[in-house]
Student: 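Please find one structure pasted underneath; my questions will follow.
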Amino acid sequence: MSQGFTSYLDHFGFTQRPFSLTPDPEFLFWSDAVRGAFTMLQYGLSTRAPITLISGEIGAGKTILLQHFIQEIEADDSLSIALVTNTRPKTREILQWLLPELTKSDISEEAKFLRVQEFLVQEYNEGRRVLLVIDEAQNLSPEALEELRMLTNINLGKEEVLQLFLIGQPELRDHVRRPELVQFAQRVAANYHLPYMERDTVLKYIAHRLRVAGGTPGIFSKQAAELIHEQTGGIPRLINQLCDMALTYAYAQGDGMVKRSTVQAVIDDGIFFSPTPPKT
C-alpha cells in the first residue's frame, strides 16, 4: 500500500493531500462551532479581556484555528504577540516567555517580575499591547496559572497592558474551576468550548477538504462519509487519518470513488485505530 500513499494524488486529481495530519490554516473548515470559537477569540481581543479561554477535545481542531487567528492579527502594529506551544507541567518559565533574555539572568524572581512589568509598560507607551497566547495550556500547573493571573493585574489606570489567551484540552476548564484559582477564574472574561463534529458537519468537512485539495466532493460516497463519522466520533484528526488511508485503498484497487466498502476494508485490516467514539 505504500505506493498509493503518494500516488493517489494524480489518480484523483489532487494538487495536495486533502487529509494531512499536519494542521494547515488553508484547510480550516468553518463549522458553526469553529465560527463560535473564532468569534470568541475576536471578542476577547477587541474588548481587551484579561483572559480568554478556548477549550476543545483532543484533535478537535484547536491548533489550526489558533494558527488562522494568529495569521489574521500578526500584521497589527498595535500588538506584540508571544506564542507559546511547548508548555510543560510545573513550568516556572512564565516570565521568560515574555522576555527570553531573562533565561540568561541570575536575578531573583521578584526582579524578573519587575523587568517584565517595565517591558509591558514600555510596550504600552509605544502604542502596543502585549498578547500572550499559550497552546496546550492544560499542562500548566496551578502555580503557573496564578503567576499568569498576577501578570494580568499589571495595568495603567483602566488600561490593560497584557492579554492572555489560553488554548487547551477540556481539563484546562477543570483546572480553572479549582477553589484555589477562584481569582484566576474571575478574570476569564471570554471562554468557549469546541466540541467534536456531528454527522452532517463531518460530511461537509470531508467535502470541503476535497475541494481545497483540488478534488470534488463526489470522491467520497455519502455512505463512506457516514461510516467515517461513526468510526471517528467526529474527531477531525481521526477523520483525516481514516480518509487518507481510504483514498490509498481506493487508488490501490483502481477505484474512482471511496465507497463504504473501501472504508470498511481499512477498518477490517486494522490499519486505522479507532478508540471508543465519543458521544456527539
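All values below come from the heavy atoms of this structure, side chains included, with hydrogens, waters and symmetry mates left out. By convention here, the first residue in the shown sequence is residue 1.
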Student: I'd like to know if the side chain of Tyr8 pairs up with that of Asp244 as donor and acceptor (distance under 3.5 Å, no hydrogens or angles considered).
Tutor: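 Yes, because at least one side-chain N or O of Tyr8 sits under 3.5 Å from a partner of the opposite role on Asp244.
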
Student: Please determine whether a side-chain nitrogen of the Lys or Arg among Glu118 and Arg115 lies less than 4.0 Å from a carboxylate oxygen of the Asp or Glu.
Tutor: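 Judged by the 4.0 Å cut-off on N to carboxylate O distance, Glu118 and Arg115 do not form a salt bridge.
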
Student: Is there a continuous path of hydrophobic side-chain contacts, each under 4.5 Å between heavy atoms, that joins Leu99 to Leu131?
Tutor: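 The answer is no; the residues belong to distinct hydrophobic clusters.
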
Student: How close do Ile154 and Val161 get, counting heavy atoms only, and between which atoms?
Tutor: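 Reported closest heavy-atom pair: O-CG2, 3.2 Å.
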
Student: List the steps and the verdict of side-chain hydrogen bond (donor to acceptor under 3.5 Å, both in side chains) for Tyr251 and Asp10.
Tutor: CA-CA 10 Å; Tyr251 165 73; Asp10 292 335; over 6 Å; no

Student: Dump the intermediate steps for side-chain contact (heavy atoms from CB on, under 4.5 Å) on Phe38 and Leu28, then the final yes or no.
Tutor: CA-CA 11 Å; Phe38 185 75; Leu28 180 61; over 6 Å; no

Student: Tell me the closest heavy-atom pair linking Arg178 and Pro142, and the distance in Å.
Tutor: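 So the minimum-distance heavy-atom pair works out to NH1-CG, 2.7 Å.
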
Student: Do other residues, nucleotides or ligands put more than 12 heavy atoms under 6.0 Å from the CG atom of Asn125?
Tutor: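 Atom CG in Asn125 is crowded, with more than 12 foreign heavy atoms closer than 6.0 Å.
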
Student: For Glu123, is there any backbone N or O sitting under 3.5 Å from a side-chain donor or acceptor partner on Arg128?
Tutor: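 No, because the side chain of Arg128 does not come within donor-acceptor range (under 3.5 Å) of the backbone of Glu123.
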
Student: Kindly compute the distance separating CD1 (Ile54) from CG (Leu194), expressed to the nearest 0.5 Å.
Tutor: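 The CG atom of Leu194 is 8.0 Å from CD1 of Ile54, to the nearest 0.5 Å.
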
Student: Taking the six-membered ring for Trp, are Trp30 and His68 parallel (under 30°), tilted (30 to 60°) or perpendicular (over 60°)?
Tutor: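 Answer is perpendicular, since the angle exceeds 60°.
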
Student: Tell me whether Asp255 contacts the main-chain N or O of Met257 through its side chain, where contact means a donor paired with an acceptor under 3.5 Å.
Tutor: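 Such a contact is absent between Asp255 side chain and Met257 backbone.
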
Student: Let me confirm one number: the CD1-CZ distance from Ile219 to Arg211, rounded to the nearest 0.5 Å.
Tutor: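 Those atoms lie 11.0 Å apart.
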
Student: So Leu45 and Phe165, do their side chains get closer than 4.5 Å, heavy atoms only?
Tutor: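 Yes; the side chains approach each other to less than 4.5 Å.
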
Student: Any non-hydrogen side-chain atom of Thr152 less than 4.5 Å from a side-chain atom of Leu132?
Tutor: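 No; the side chains remain at least 4.5 Å from each other.
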
Student: Give me the one residue out of Ile235, Ile239, Leu238 that meets side-chain contact (heavy atoms from CB on, under 4.5 Å) with Tyr196.
Tutor: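 Single pass found, and it is Ile235.
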
Student: Just checking Asp268: does its CG atom have more than 12 heavy atoms from other residues, nucleotides or ligands closer to it than 6.0 angstrom?
Tutor: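 Yes, CG of Asp268 has more than 12 neighbouring heavy atoms, counting only those of other groups under 6.0 Å.
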
Student: When you compare the side chain of Ile51 with that of Val176, does any pair of heavy atoms fall below 4.5 Å?
Tutor: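 Side chain of Val176 against side chain of Ile51, heavy atoms only: no contact under 4.5 Å found.
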
Student: Apply side-chain contact (heavy atoms from CB on, under 4.5 Å) to the pair Gln163 and Arg129, showing each step before the final yes or no.
Tutor: CA-CA 8 Å; Gln163 287 186 263; Arg129 66 184 190 277; 2.7 Å; yes

Student: For the residue pair His175 and Leu181, what are the closest heavy atoms and their distance?
Tutor: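 Smallest interatomic distance, heavy atoms only, reads O-CD1, 3.1 Å.
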
Student: Which heavy-atom pair separates Phe27 from Ala213 by the least distance, and what is that distance?
Tutor: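 Smallest heavy-atom distance, with atoms named: CE2-N, 4.0 Å.
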
Student: Where the side chain of Asp269 meets the backbone of Ile271, is there a donor-acceptor pair that is under 3.5 Å apart?
Tutor: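 Such a contact is absent between Asp269 side chain and Ile271 backbone.
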
Student: Would you sort out whether Val182 and Gln186 count as a side-chain contact (heavy atoms from CB on, under 4.5 Å), showing the intermediate values?
Tutor: CA-CA 6 Å; Val182 61; Gln186 289 174 352; 3.8 Å; yes

Student: Once you round to the nearest 0.5 Å, how far does CD of Glu26 lie from CD of Gln67?
Tutor: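 Those atoms lie 12.5 Å apart.
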
Student: Just how far is it from atom CZ of Phe69 to atom CG of Leu41, taken to the nearest 0.5 Å?
Tutor: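 Here the rounded value is 5.0 Å.
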
Student: Donor-acceptor pair, Gln138 side chain versus Gln169 backbone, under 3.5 Å?
Tutor: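 The answer is yes, because a donor-acceptor pair under 3.5 Å joins these two groups.
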
Student: Any link between Leu148 and Leu66 through a network of hydrophobic side chains (Ile, Leu, Val, Met, Phe, Trp, Tyr) touching at under 4.5 Å?
Tutor: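 Shared cluster, no.
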
Student: Measure the shortest side-chain to side-chain distance between Phe14 and Leu210 over non-hydrogen atoms and say whether it is less than 4.5 angstrom.
Tutor: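 Heavy-atom side-chain distance check passes, below 4.5 Å.
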
Student: May I ask whether Tyr249 and Ile267 are part of the same hydrophobic cluster, defined by side-chain heavy atoms of I, L, V, M, F, W, Y residues being less than 4.5 angstrom apart, directly or through others?
Tutor: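 Result: yes, single cluster for both.
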
Student: Using the rule that two of Ile, Leu, Val, Met, Phe, Trp, Tyr join whenever any of their side-chain heavy atoms come within less than 4.5 Å, decide whether Leu114 and Tyr124 are in one cluster.
Tutor: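 No, Leu114 and Tyr124 fall in different hydrophobic clusters.
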
Student: Counting distance only, does the side-chain N/O of Tyr192 pair as donor-acceptor with the main-chain N or O of Gly56 below 3.5 Å?
Tutor: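 Such a contact is absent between Tyr192 side chain and Gly56 backbone.
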
Student: Find out if a path of hydrophobic residues (ILVMFWY) with successive side-chain heavy-atom gaps under 4.5 Å connects Tyr205 to Val263.
Tutor: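 Per the 4.5 Å side-chain linkage, Tyr205 and Val263 are co-clustered.
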
Student: Should the heavy atoms of other residues, nucleotides or ligands under 6.0 Å from CD1 of Ile58 be counted, would the total exceed 12?
Tutor: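 No - once you tally the heavy atoms of other residues, nucleotides and ligands closer than 6.0 Å, there are 12 at most.
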
Student: Looking only at atom types and distance, does a side-chain atom of His229 sit under 3.5 Å from a main-chain N or O of Thr201, one as donor and one as acceptor?
Tutor: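 Looks like no, no N/O pair under 3.5 Å.
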
Student: Can we say Arg177 and Asp174 salt-bridge, meaning some charged N sits less than 4.0 Å from an Asp/Glu carboxylate O?
Tutor: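 A salt bridge links Arg177 with Asp174.
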
Student: For the OG atom of Ser31 and the NE2 atom of His208, what is their distance to the nearest 0.5 Å?
Tutor: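 Between Ser31 OG and His208 NE2, I get 10.0 Å after rounding to 0.5 Å.
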
Student: Should Arg187 and Leu164 count as side-chain neighbours, where that means a heavy-atom distance under 4.5 Å?
Tutor: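 No. Closest side-chain heavy atoms not under 4.5 Å.
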
Student: Counting C-beta onward and ignoring hydrogens, is there a side-chain heavy-atom pair between Glu57 and Lys62 closer than 4.5 Å?
Tutor: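 With C-beta onward as the side chain, the pair stays apart.
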
Student: Can you tell me how far CZ of Arg199 sits from NZ of Lys204, rounded to the nearest 0.5 angstrom?
Tutor: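 Reported to 0.5 Å precision, the distance equals 10.5 Å.
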
Student: Indicate yes or no: at least one non-hydrogen side-chain atom of Leu203 is less than 4.5 angstrom from one of Glu226.
Tutor: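 Contact flag for Leu203/Glu226 side chains = yes.
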
Student: Assess whether atom CD of Glu126 is packed by more than 12 heavy atoms of other residues, nucleotides or ligands within 6.0 Å.
Tutor: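 Counting other residues, nucleotides and ligands, CD of Glu126 exceeds 12 neighbours.
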
Student: Compare every heavy atom of Ala60 with every heavy atom of Pro195, then report the nearest pair and how far apart it is.
Tutor: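 Minimum heavy-atom separation between Pro195 and Ala60: O-CB, 4.4 Å.
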
Student: When you look at Asp24 and Val212, which way does the side-chain contact (heavy atoms from CB on, under 4.5 Å) test go after all the steps?
Tutor: CA-CA 11 Å; Asp24 184 348; Val212 174; over 6 Å; no

Student: Within the 4.5 Å heavy-atom criterion, are Ile64 and Phe29 side-chain neighbours or not?
Tutor: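 The answer is no, as the side chains (C-beta and beyond) never meet within the 4.5 Å cut-off.
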
Student: Considering all heavy atoms of both residues, which atom of Gly44 and which atom of Ala190 are nearest to each other, and what is their separation?
Tutor: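 Shortest heavy-atom contact: CA-CB, 4.3 Å.
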
Student: Is the backbone N or O of Thr85 less than 3.5 Å from a side-chain atom of Glu136, with the two atoms forming a donor-acceptor pair by type?
Tutor: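 Absent.
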
